[in-house]
Amino acid sequence: MENLEDLKLMVEQWTNQGPEYLQKIPPFQLYAAIGLLLLTTVLLLSFRLVRRTKSNTVLLSGLSGSGKTVLFYQLRDGSSHQGSVTSMEPNEGTFVFHSEHAKKGKIKPVHLVDAPGHSRLRPKLEEFLPQAAAIVFVVDALEFLPNCRAASEYLYDILTNANVVKKKIPVLLCCNKTDKLTAHTKEFIKKQMEKEMQYEKLRASRSAVSTADIANDYTIGIEGEVFSFSHCCNRVTVAEASGLNGETVQVQDFIREYIKP
Amino acid sequence: MLEQLLIFTRGGLILWTCKEIGNALKGSPIDTLIRSCLLEERSGEVSFNYGAYTLKWTFHNDLGLVFVAVYQKILQLLYVDDLLSMVKQSFSEIYDPKRMRYDDFDETFRQLRVEAEARAEEMKRTKQVVKPLNGVKKQGQVSKEETKKSNGEKKDDEGKVSSVSNGNHKMEDDVANGKENSADNNNNNNNSVGVDVSKLAKLRSKGVRGRGGLRKADSIGSNKGSSKVEPPKKATKKNRVWDDAAAAPKQEEKLDFTDEHGDNGHVDVVAAADQGESMMDKEEVFSSDSESEDDDEPISDEKPEAKKKGWFSSVFQSITGKANLERTDLEPALKALKERLMTKNVAEEIAEKLCESVEASLEGKKLASFTRISSTVQGAMEEALIRILTPRRSIDIMRDVHAAKEQRRPYVVVFVGVNGVGKSTNLAKVAYWLQQHKVSVMMAACDTFRSGAVEQLRTHARRLQIPIFEKGYEKDPAVVAKEAIQEATRNGSDVVLVDTAGRMQDNEPLMRALSKLINLNKPDLVLFVGEALVGNDAVDQLSKFNQKLSDLSTSGSTRLIDGILLTKFDTIDDKVGAALSMVYISGAPVMFVGCGQSYTDLKKLNVKAIVKTLLK
């Protein structure tokens with residue numbers, strides 16, 4: 001108890017001495033110090049704000065085997081080199097598109113991330129979602145029907161992810177491998193996906209293992225109506241591409257729409 | 001002859017293939033290797049079999065490259081490991097992250113191959129005695145003569161390297177000494193499903209049998225464990241008929257105690273059980289606090305090994321981070337990690353395999369600056385564990401139920417497991433949960449052996465107010481299940497939950513009966529119910545169940561365990577290792593976790609929480 005009393009006394013003494021001490025400092029220095037402090041805070045805040053709106057990350061996602069890695073190298077180098085195998089790690093790169101090399105002037109590079117599609121590596125995708133400015137969901141147009149369910153589940157997971165909903169990240173449904181004869185058209189794929197998403201909605205709650213702590217407690221679509229991609233608050237568009245042949249114009253246009261060169 | 005040799009990055013881009021031997025490979029062995037071996041944390045194994053091919057691989061962890069060699073299984077090429085390590089060395093010299101084509105490597109490769117083949121010929125000729133050790137001799141492997149057959153997987157106590165990985169720099173010394181390989185421990189890692197036959201033989205020799213009758217005495221009132229295996233001693237006791245042999249009707253009557261008129265006093269309708277929301281639907285509040293590393297442990301581990309390099313230089317290296325991780329550096333950290341895993345009730349061999357896999361993925365990597373070896377190892381292990389526990393395919397039952405509903409057939413789930421793990425209790429919990437989601441459920445009482453099993457299910461059905469299909473005792477479970485499914489199709493139930501009798505994995509006639517049930521009815525989901533208290537036995541149970549199911553399956557599709565239901569989770573505090581052992585050995589995801597004895601005590605597996613608990 002005595003210690004408390006002593007402490008109280010000391011504190012009182014300091015508070016009494018404080019203002020006296022402050023008055024002793026020449027006013028100029030005081031104002032300079034305060035001014036500097038304010039300036040740095042303002043600068044930091046402005047940097048944060050500015051940085052937030054200028055993310056240039058584009059995420060390439062989709063099931064394993066849909067052609068993301070080939071697309072990545074096609075966009076970067078203009079050729080898919082000698083082929084690819086199942087990715088075990090993400091491919092990242094910040095670059096200007098290969099087709100844009102010829103353009104003059106300073107073009108803003110794109111930070112492209114190719115996340116592995118294997119279900120066990122799903123958490124890797126979730127790491128990149130917060131910084132994404134746009135998402136390209138690659139679908140195999142050739143082997144579409146056997147994988148339709150898995151693809152729609154994956155897409156549903158992405159569309160109901162908290163980050164995607166809050167920031168309204170635009171999604172491009174890219175139908176890959178359209179160079180093959182038996183590949184489905186993008187209209188067909190769009191309709192099928194919408195139908196499958198309807199089933200995803202039917203379930204009141206998902207019994208899937210929570211792969212991340214980001215709660216998927218957003219639902220998309222309008223109650224009572226058949227699901228359509230126009231119901232999502234973020235824009236969902238469909239495009240075609242062929243990774244092997246290098247026809248990636250539609251994808252590039254989509255990306256450039258959101259990351260101005 | 002070598003079929004193919006590939007070099008690719010971990011991100012999936014193929015950098016170089018051998019153009020001389022440009023045979024197209026049947027199927028997709030490389031993709032299968034990645035999916036069922038490397039991503040399943042089995043990269044510590046020696047080889048992988050796919051169809052007619054055998055694949056061997058090695059990593060260059062620093063540059064993030066994978067080197068894979070494919071050759072015919074029937075040919076026993078002895079120089080593959082040697083070749084892989086030489087290729088790794090020479091390729092890493094010319095590797096440049098910006099370069100995508102390496103045509104000049106063709107020439108180098110040709111030379112290396114010729115060299116390796118010549119060396120193998122040499123070895124063969126200098127060998128005096130050729131011991132026919134199971135007919136397979138892998139020349140390039142490191143193995144010590146001291147490794148006992150039963151402990152083939154364990155590392156040598158003197159700290160020398162054991163015989164699992166390829167491309168080891170010590171290999172040359174041993175090859176030069178012409179040591180004889182006792183490579184039997186690496187023979188039968190043949191399975192992409194996870195069933196390991198050699199393991200079973202080893203386990204049997206170790207004397208690890210199924211759980212004894214004593215432990216079962218406290219379980220849910222069944223002493224089947226002892227009574228099933230032993231034949232009746234007294235002459236007056238009638239033999240229990242537990243296989244398909246048709247029993248005389250007189251016997252059936254005497255032993256069938258089902259009361260046709262229902263239990264006395266319980267005929268009136270019991271109030272429907274409504275205990276609120278099942279825990280499946282509640283998101284677990286998982287507080288992700290920052291990683292707390294115990295500072296005491298790692299330092300004490302590094303001390304004995306640091307004597308080699310000197311304390312100052314190791315600290316210096318951990319700051320600058322230039323050191324390449326060597327096997328000897330990783331060993332103490334891995335050993336400590338393995339011990340920690342084992343204290344958390346992970347089966348010993350699983351922990352061993354995991355450590356080997358992590359070692360294979362870290363060897364040769366450069367230490368990042370300001371990190372200790374132990375934290376790098378811990379990070380790699382955490383990633384590996386998350387990868388294993390994340391399910392390989394979607395485990396969304398609701399989706400499947402709706403899909404089956406479209407096709408106008410019921411969704412059939414079969415609960416299998418050993419005695420006393422909680423099948424009937426958890427079946428009721430699953431039924432409660434499904435009911436809450438407006439799915440119509442029907443139970444099928446195919447446990448026709450244990451006294452009281454049908455009554456137990458009947459009570460649950462009455463409380464939950466769902467129909468139950470039962471035929472009493474001493475009937476063939478497969479036939480009962482079939483009729484139950486037909487009944488469900490008739491009255492439009494969405495899901496049929498089939499309860500089976502508990503059985504030990506060693507019991508041949510019972511396992512045969514089980515696979516008959518599964519083959520006959522082709523269920524949509526085979527759920528293995530395992531309790532979280534089990535230790536090393538989980539490995540034995542799961543692998544034997546899987547093996548019996550695959551052995552005894554009829555033509556067409558082989559049905560294996562599709563999912564795991566982990567029970568009695570509330571009884572273990574932090575010894576959650578059984579989940580890891582089960583998932584690793586079977587490859588099946590954990591779909592439900594039972595954490596109590598009331599209807600609402602069913603939840604999902606929280607992967608991050610479990611990994612955190614395992615590594616604490």
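So you know, we letter chains A, B, ... as the sequences are listed, proteins then strands, and number each from 1. Side-chain atoms are counted along with the backbone in the values below, which use heavy atoms only and exclude waters and symmetry mates.
- One finds the CG atom of B/L434 at 14.0 Å from the NZ atom of B/K429 (value rounded to the nearest 0.5 Å).
- Residues of residues 58-77 of chain A lying within less than 4.5 angstrom of chain B, judged on heavy atoms, are A/S64, A/T69, A/Y73, A/R76, A/D77 in numerical order.
- When the options B/F91, B/F8, B/F109 are evaluated for a ring-ring contact (aromatic ring centres under 6.0 Å, His included) with B/W16, the one that passes is B/F109.
- Judged purely by atom type and a 3.5 angstrom limit, A/N91 uses its side chain to pair as donor or acceptor with the backbone of B/G11.
- Each of A/K124, A/R120, A/E89 has some count of heavy-atom pairs under 4.5 Å with chain B, and the biggest count is that of A/R120.
- For B/F67 and B/F59, the ring centers are positioned 6.0 Å apart or more.
- Applying the side-chain hydrogen bond (donor to acceptor under 3.5 Å, both in side chains) test to every pair with at least one member in residues 129-150 of chain A, sequence neighbours left out, gives these pairs: A/D140-A/K177, A/R149-B/D400.
- Between A/F188 and A/H184, the ring planes are parallel. Angles under 30° get that label, and only those over 60° would be called perpendicular.
- Around NZ of B/K405, the count of heavy atoms belonging to other residues, nucleotides or ligands within 6.0 Å does not exceed 12.
- Contact count versus chain A (heavy atoms, under 4.5 Å) is highest, among B/L15, B/V401, B/V66, for B/L15.
- Both the backbone and the side chain of B/L13 have a heavy atom closer than 4.5 Å to some heavy atom of chain A.
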